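As structure tokens, the structure follows; a few thoughts come after it.
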Amino acid sequence: MVNIGVLVSGSGTNLQSIIDAIEAGRCDASIKIVVSNKADAFALERAKKHGIATAVIRVKDFPEREAFDAEVLRILREHGVELVVLAGFMRIISKVLLDGYHMKIMNIHPSLLPSFPGLEVQKAALDYGVKFSGCTVHFVDNGLDSGPIIIQAVVPVKDEDTAESLSRRILIEEHRIYPQAIQLFSEGRIEIRGRRVFIRNSQPPASSLTNPLITI
Ligand code: GAR
């Protein structure tokens, strides 16, 4: 069992997938606090509906990044959080929080990192013309979407895809792999060696993928 704090900024579908996995017994974690930088984030409603404590930290009250993160850190510690889970939290994390939870902050990102870090990445993937996109759960370091990778899920790009349709299919995979990554952490199966993350007692998939499927 691991005590987690979830940081959100928006709709919170990833938060919901974690709540659902915990309630279904697929993820041995307890959400101690949900912290938002936006008072109107729908994620807060999701948390309250499940009796989970929430906190809003407004940027206008803590305009300096370090002061904001010190307040986040204070609240996480106050709630006994062991693992910090960024779920659509649209802020860069400073050294204050990184040092407070060294390699104990996870993020989910809707691309196959290190391709397409940053924002509007599904459109960027389509515009580039990649045949596969997907999502990545990684530990957070001091770069942009650059920390050690824990799990990736691959989503084939279709000719008729728009940024919205591709985002929807990637989101389905996000909802699957984020609770899994938390579960692996909870089971103590994650080992970080430099940039590489090893999952004890895990197997790679049996085969490779090609897109499009050519039968010649
Ligand atoms: C998700 O697609 C997540 O991967 C992305 O924001 C969305 C949040 O959705 N995060 C990032 O782009 C972080 N760089 P949600 O609020 O419904 O979970």
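Computed from a predicted structure; not experimentally measured. When a ligand or atom number is given, it counts from 1 through the structure's own listing order.
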Go through Lys104 and Glu82 one step at a time and tell me if the side chain to side chain contact (heavy atoms under 4.5 Å, CB included) criterion holds.
-> CA-CA 7 Å; Lys104 291 193 167 72; Glu82 299 161 303; 5.8 Å; no

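Residue contacts with ligand 1: Gly12 is placed with a nitrogen or oxygen under 3.5 Å of a nitrogen or oxygen of the ligand (distance criterion only). Not one N or O of Gln122 is nearer than 3.5 Å to an N or O of ligand 1, by distance alone. Every N/O-N/O distance between Asn107 and ligand 1 stays at or above 3.5 Å.
Taking a cut-off of under 4.0 Å to the non-hydrogen atoms of Thr13, the atoms of ligand 1 that pass are 15 (P), 16 (O), 17 (O), 18 (O). Set against the non-hydrogen atoms of Leu171, the atoms of ligand 1 under 4.0 Å away are 2 (O). Listed by number with element, the atoms of ligand 1 under 4.0 Å from a non-hydrogen atom of Ser11 are 15 (P), 16 (O), 17 (O).
Of all protein heavy atoms, the one closest to atom 14 (N) of ligand 1 is His109 ND1, 3.2 Å. Summary of contacts: the protein heavy atom closest to atom 7 (C) of ligand 1 is Gly88 CA, 4.4 Å. Nearest non-hydrogen protein atom to atom 6 (O) of ligand 1 is Met90 CE, 3.4 Å. Nearest non-hydrogen protein atom to atom 5 (C) of ligand 1 is Pro110 CD, 3.9 Å. Looking only at heavy atoms of the protein, atom 1 (C) of ligand 1 is closest to Glu174 OE1, 3.2 Å. Summary of contacts: the protein heavy atom closest to atom 10 (N) of ligand 1 is Ile108 O, 3.6 Å.
A salt bridge links Glu78 with Arg74: the closest approach of a Lys/Arg side-chain nitrogen to an acidic carboxylate oxygen falls below 4.0 angstrom. Glu191 and Arg193 are joined by a salt bridge, as a carboxylate oxygen and a charged side-chain nitrogen come within less than 4.0 angstrom of each other. Under 4.0 Å is where a charged nitrogen must lie from a carboxylate oxygen, and between Glu187 and Arg189 at least one such pair does.
For the residue pair Glu66/Ser94, the side-chain donor-acceptor check at 3.5 Å is not satisfied. Using modelled atom types, one finds no donor on one side chain facing an acceptor on the other under 3.5 Å when comparing Thr136 with His138.
Nearest heavy-atom pair across Ala29 and Ile182 is CB-CG2, 3.9 Å.
Residue contacts with ligand 1 for Ile170 are absent, since no atom lies close enough (heavy atoms, distance under 4.0 Å).
Side chain of His79 to main chain of Ile4: no donor-acceptor pair is present (N/O by atom type, distance under 3.5 Å, no hydrogens or angles).
The shortest side-chain heavy-atom distance between Asn142 and Lys95 does not fall under the 4.5 Å cut-off.
The closest approach between a heavy atom of Ala43 and any atom of ligand 1 is not below 4.0 Å.
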